[in-house]
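Note that these values count all heavy atoms, side chains included, but never hydrogens, waters or copies made by symmetry. From a predicted model like this one, the values you see are computed outputs, not experimental measurements. Chain A is the first sequence line, chain B the second, and so forth, proteins listed ahead of strands; every chain is numbered from 1.
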Amino acid sequence: MTQTNTIAIKAEAVVKNYGAKAALRSIDLEIPTGGVTILLGSNGAGKSTLLRVFAMLTRIDSGNLTIHGLEMMKEGPSIRANTGAALHAPMLYGDMSVRENLMFSASILRLPRKDTLIYETAEKVGIQDRLEDRVRSLSHGLQKKVSLARAIMHEPSLLLLDEPESGLDGRSVNQLDQIIAGYRSHNRTVVMTTHIIEHGLEIADHAVVLQHGNVILMSNDPITERSAIMNAYASVGAKL
Amino acid sequence: MNTKLTGAKTGIILFMAITTTLTAIFIASEVSIAKASEESILSGIVVGVETDSNGKLIRLAVSDSSGQITTFEFSPKTQFGLENQAGDRWISSLAENPSEAARRLNDHRKRFAPITVSHANGIASSIVERQEGKLETNLGYLFAVFATTWILFFAYVLYMGQKQRVLQYEITRLKNQLE
Amino acid sequence: MNKVPGYLDPLLILSTALMGCALYLIFIWVPTETNQGAIQRILYFHVPIAWGSMLGIFVVSASSILYLWKKDQKWDRLAVSSAEVGLTFGAMMLLSGMIWARPVWGVWWTGEAKLTTALILFFIYVAYLMFRSYFPPGTQRQRIAAVIGVIGALDAPIIYFAANLWSQAHPPLITGPAADADSTLGSELGIVLLMSTFAFTLLFVYMVQARYKIRRSEDDIVDLKRATTTPGVS
Amino acid sequence: MTDTILVIWAIARKDLVLEIRNKDVVVAITGFALLVLAIFTFAVDLSQMNAKLIGPGVLWAAIAFAGVTGLNRAFASEIESSTLEALLIAPISRDLIYLGKSLGNFLFITTAQIIVIPTFAVLFNLIVFRWEMVAICMVTAIGFSAVGTLFAAMSVRIRAREVMLPLLFLPVVTPLLMAAVESTSYLVNGGTWGEMASWLQLAIAFDVLFIVISALIFQNILED
């Protein structure tokens, strides 16, 4: 377990196919602990699939994957206890209020002091006024925020975000940045995809560029290697 | 169209030829046996059972579907294959068990249960539970089973052969494309 | 590529030879049964076919369990192949049984336990194959199909037990053909049945392996398509 | 242990809350079952003899078909809002998700039975309000939800799931249906516990087997 401190996610030759469609061809990747990693790539490059694999929603066909040094297939529940995810769909019950949705998540997460916890988390993402509203009546951006609140409620050491800025206004993006910064300062790991590449590169410690289910670039210093990343990203985009 | 037969197809056709020929030979011989013997068949319900003082069978009266009554006598070799109400079948010959045969026939008479008698010259050679139709029609059923079975097998194997060829072609095409 | 022509497949040759022997025994060697007459010869066909369909179900469940355990594609291929062949045998079992029942029992179908069980298992395997063709591709499909295979096999004894209990409550007016089949034929019946079962088992094995090869080709095509559609950066 | 029960209950309660708000599943089951019963009342002659003979079969066929519709709904809503994924991300083992969803489905089917069976008793003019009937309904509802939850979860990603689920579900629950129909037949003819004992035992064995097997096997089906 010595590597637990340095490597959050380690992927070796990870493959995922859907019939004749290859989602991930052969992914080798090491994501260090305590930083923000952004996944870049055009649509269908495998970003979302990779996030779903990390969230254990998708089973890999072959290869090895360890999260915090734990083998994915064997220790599912203990990995998931330390993972929070806000993916593409908000994953909320439309006919329940925001509070009920969070309450439900808190009870399947077996968290203590649920009421205070829910209020505190709601405050962090700025939805404390909307707790009694039905989720169905909320805008897409607000639903995203509720989804984010659910993901960070149990303060997981690994946070997975799929395009978290989409649908958010400027102030909310700032709040998101604060949450992400808070994660980094607590030596927790954030893995996210983004379509606002400039903003992504500002907050990222590591950047990964994907194309056709392969990793084509991995940078540990996105600020200085910015142009290389932009080039790789542009070459991917040009092929679309 | 490619008319050349593939290996598997040839094998299957040979296989079919053998099985069909054997089936046909058998059915033909069976029909001729049935025709050659003097036996005829009558189906109907038992209307009278005559026994001697020991309860041994002497004569049997059967009414067919048109209401005509025919009387049969027995020989010691007469075979029985009769079911009781629960459907258990009793099989014996007159020589083995004459009184039980009488009891069974009386049971059929009371229940109006139909029987089929094979007879020649007024002597019954076998008395069994009513059979649907005659020997020849039964052979039709036999043939139907064999025909459907082999046609299904044959169609399935042909389908597999066809599919394998299409797939093989597709594989070659994709491989060429990859090079 | 396989250079040996298909008709030289030793399995096909062997099963053809055995089937020939079995047919000789069925049609020429074994005497006609007195009660049912010539129609009784369906037995030598019906029973081995029914055995083949049961064998298919057994192979499906065994390879499904192995697939869930080992996650190896070959077990999945074996499961599909034997499900399809087993289904063909099952269809023929039902058909031959019905055609036999008509002259002997006077009905095409009856609520007897064995028939009910066979029919329901047939439906379960129809559902198994339909499921495979409807579900979007990926390993999830294979895992779920394996689950259905296991469930189907587990359900079989319960269905049989229930159907048996059912037919006791609603007694049919006739008994199974097997009840009066051994009336005038003793050892001859056993020999012919054994021979015929052996021949049909070989035919089953031949068909399963032919289907397995097709399945493998299909998988190869999927792999090739994946490689050709979007060339990877390797 | 209490933790486990709390998680199962949390999932089932969430289903109940949603059900009380939009009444999707129970309305689907009850509506369909009542419709089938109503159609039978004029499709066949319901003299006393006939009602006893065909009533149990009609009742359970109606509940079985309606149950399939309800089970489809129960999982489809979870997929449409992709909330099933939220359950999958949570650090709970898959068997708890299965048990929680089954408990919810069991409660829906029971609710539907509470509405449908009195209606059946009135329409078919049969006396069914006895403890035996409660037992029959319980074992059947448990078996339906045990098998149905598993199969609904399986067929949820199929476009034609409305067709696929009954095709999978009905053959597998045949023993349970036979048990329910036969026990109900004994019941409407004034039978005793003893007469239906073997059927109830069969149904209980079916329930236990499928709950255990499904909970064990459920982990194989949810992730794509």
For B/Val166, side chain to side chain contact (heavy atoms under 4.5 Å, CB included) partners two or more places apart | none
Look at C/Ser217, C/Ser96, C/Gly97 and state which one has the largest set of heavy-atom pairs under 4.5 Å with chain B.
-> C/Ser217
Quickly, which of B/Arg109, B/Arg103, B/His108, B/Arg104 forms a side-chain hydrogen bond (donor to acceptor under 3.5 Å, both in side chains) with B/Asn106? Name it, please.
-> B/Arg109
Residues passing the ring-ring contact (aromatic ring centres under 6.0 Å, His included) test with C/Phe131, sequence neighbours excluded, are C/Phe135
For the atom pair OG1 (C/Thr88) and CZ (B/Phe153), what is the distance rounded to the nearest 0.5 Å?
-> 7.5 Å
Where along residues 51-60 of chain C does a heavy atom come under 4.5 Å of chain B, listed by residue number?
-> none
Residues forming a side chain to side chain contact (heavy atoms under 4.5 Å, CB included) with B/Lys163, sequence neighbours excluded | B/Tyr159, B/Leu167, C/Arg211, C/Ile214, C/Glu218
Just checking, is any N or O donor in the side chain of B/Ser63 or B/Gln68 under 3.5 Å from an acceptor N or O on the other one?
-> no
